[in-house]
Amino acid sequence: MEGLGMCGIVGLFLKDKALEPKLGALLSSMLVTMTDRGPDSAGIAIYGNDNGSKAKITIQSADPTKDFDGLEYDLRRALDAPVSMAVKSTHAVIALAKDKLNEGRAAIAALRPDVRIMSSGDAIEIYKETGLPKDVISRFGVTTMSGTHGIGHTRMATESAVTTLGAHPFSTGSDQCLVHNGSLSNHNNLRRELVREGMTFETQNDSEVAAAYLTAEMARGKDLGEALTGALSDLDGFFTFVVGTKSGFGVVRDPIACKPAVMAETDQYVAFGSEYRALVNLPGIENARIWEPEPATVYFWDHEKAA
């Protein structure tokens, strides 16, 4: 649980396609301004453009030299299908056919049991590591990445160890991720229910339970907005969640809303920050509509619904 620790959350959902090449740079700048809220570890989820037939799996290793060596070849053989792999420091992005995604995840687990899957889906890549946000960002070349929307988190661990796995965002479903500031009081019960339904967990972190709850709700046919509405009655505790799906971006705060949050919207984007200073360098911010998200209110944008 995050306890009373400070965390910094940023999120950016682009409406204007012209900004897509700058997504990584804008999000990186937002995250770096939140460094003092969480100097222990940082993570970022970037939703790139869906490139048709290919899906991707982002993996992380504590010993990349050992784990990544020969993995591309081993996966090609295991899946009997084309696989390509791009290594970025302690992470690697594996591209494979969409219909091979689940098989690919299983093969990675079997071939390299020490490797952790950060995310998988058509569009999402997640990078997270211990260290200062600026170092995490430069290590993975985030500033040069383009995409449609993204979420970042910087963490000050209070009750749990500083580990890569404990860093946010948490991804528990295809193209889904969540960052969380706060702590949940009913996460143990909820985790047991979700495990019975077949969800698996990498950590004891309450935020991962929240992510899995949303994944389970969306698997039942809810959209992100509906799943977030359900979270208000099913999750107990303090929370500000910023979540992403392949085409959607959502924000919800608990009914007491003690964790700070500010949002901005222009014709070009919707942005979220734990504090206003995370937003000051965004283009056109001086003309943005700026507000503090209301308690127990779901805010939700979707590229597919806007189209």
Side-chain angles (χ1 to χ4, degrees), residues 1-12 23-48 57-68 85-94 112 114-119 124-145 147 150-171 177-183 202-208 211 240 242 244 259-260 272-275 277-279 281:
M1 282 201 303
E2 294 304 281
L4 301 173
M6 292 212 305
C7 292
I9 299 176
V10 296
L12 188 60
L23 177 72
L26 291 169
L27 203 56
S28 296
S29 156
M30 292 169 76
L31 194 62
V32 169
T33 62
M34 293 285 97
T35 297
D36 60 347
R37 292 188 68 88
D40 297 335
S41 61
I44 207 154
I46 297 272
Y47 287 86
I57 302 173
T58 311
I59 58 173
Q60 183 270 350
S61 166
D63 187 354
T65 318
K66 170 177 78 78
D67 284 330
F68 296 165
M85 181 166 133
V87 174
K88 290 190 179 188
S89 183
T90 54
H91 289 48
V93 181
I94 294 162
R112 300 288 191 278
D114 294 338
V115 159
R116 288 284 169 259
I117 292 177
M118 296 282 109
S119 64
I124 192 174
E125 295 176 22
I126 288 181
Y127 300 93
K128 54 189 190 182
E129 260 319 338
T130 53
L132 289 168
K134 70 176 175 60
D135 299 334
V136 174
I137 282 159
S138 70
R139 177 187 265 194
F140 300 117
V142 177
T143 48
T144 60
M145 295 178 75
I151 294 169
H153 185 278
T154 178
R155 176 162 176 258
M156 186 180 288
T158 46
E159 297 175 29
S160 39
V162 178
T163 62
T164 302
L165 279 183
H168 299 221
F170 285 99
S171 178
C177 75
L178 169 143
V179 296
H180 171 209
N181 188 8
S183 62
E202 293 273 5
T203 70
Q204 289 301 307
N205 195 298
D206 57 337
S207 310
E208 190 183 8
T240 296
V242 180
K259 295 289 180 182
F272 175 96
S274 293
E275 296 174 44
R277 63 190 166 109
L279 312 177
N281 296 323

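If you take CE on Met118 and CD1 on Ile124, they are separated by 11.5 Å, rounding to the nearest 0.5 Å. The line from CZ of Phe140 to CD1 of Ile46 is 12.5 Å long, rounded to the nearest 0.5 Å. Within the model, atoms CD1 of Ile151 and SG of Cys177 stand 4.0 Å from one another, a figure rounded to the nearest 0.5 Å. Here Glu125 contributes atom CD and His91 contributes atom NE2; the two are 10.5 Å apart, rounded to the nearest 0.5 Å. A distance of 8.0 Å separates SG in Cys7 from CZ in Arg37, rounded to the nearest 0.5 Å. A distance of 10.0 Å separates CE of Met34 from OG of Ser29, quoted to the nearest 0.5 Å.
The minimum heavy-atom distance between Glu208 and Phe170, with the atom names listed, is CB-CD2, 3.7 Å. Residues Asp206 and Gly182 come closest through the heavy atom pair OD2-O, 4.2 Å. Contact detail for Ser89 and Val87: the closest heavy-atom pair is O-CG1, 3.8 Å. Smallest separation of non-hydrogen atoms from Ala42 and Leu31: CB-CD2, 4.3 Å. In plain terms, the two heavy atoms of Val115 and Ser61 that are nearest each other are CG2-CB, 4.2 Å. Nearest heavy-atom pair across Ile137 and Ser28 is CG2-OG, 3.4 Å.
In this structure a side-chain-to-backbone donor-acceptor pair under 3.5 Å is present from Lys128 to Ala167. Side chain of Glu275 to backbone of Pro260: no donor-acceptor contact under 3.5 angstrom is found. With Tyr47 contributing its side chain and Gly244 its backbone, the two residues share a donor-acceptor pair below 3.5 Å.
In this pair, His168 and His153 present their aromatic rings parallel. The plane angle is below 30°, not in the 30 to 60° band.
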Show the numbers, then the answer: is there a side-chain contact (heavy atoms from CB on, under 4.5 Å) between Leu27 and Val10? CA-CA 7 Å; Leu27 203 56; Val10 296; 4.1 Å; yes
Worked verdict on Thr164 versus Arg116 for side-chain contact (heavy atoms from CB on, under 4.5 Å): CA-CA 10 Å; Thr164 302; Arg116 288 284 169 259; over 6 Å; no
Stepwise side-chain contact (heavy atoms from CB on, under 4.5 Å) check, Tyr127 with Val93: CA-CA 10 Å; Tyr127 300 93; Val93 181; 3.3 Å; yes
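Each of Val136, Ile44, Leu23 was scored for a side-chain contact (heavy atoms from CB on, under 4.5 Å) with Val142, with one residue passing: Ile44.
Residues satisfying the ring pair (Phe, Tyr, Trp, His ring centres under 6.0 Å) criterion with Phe272, sequence neighbours excluded, are absent altogether.
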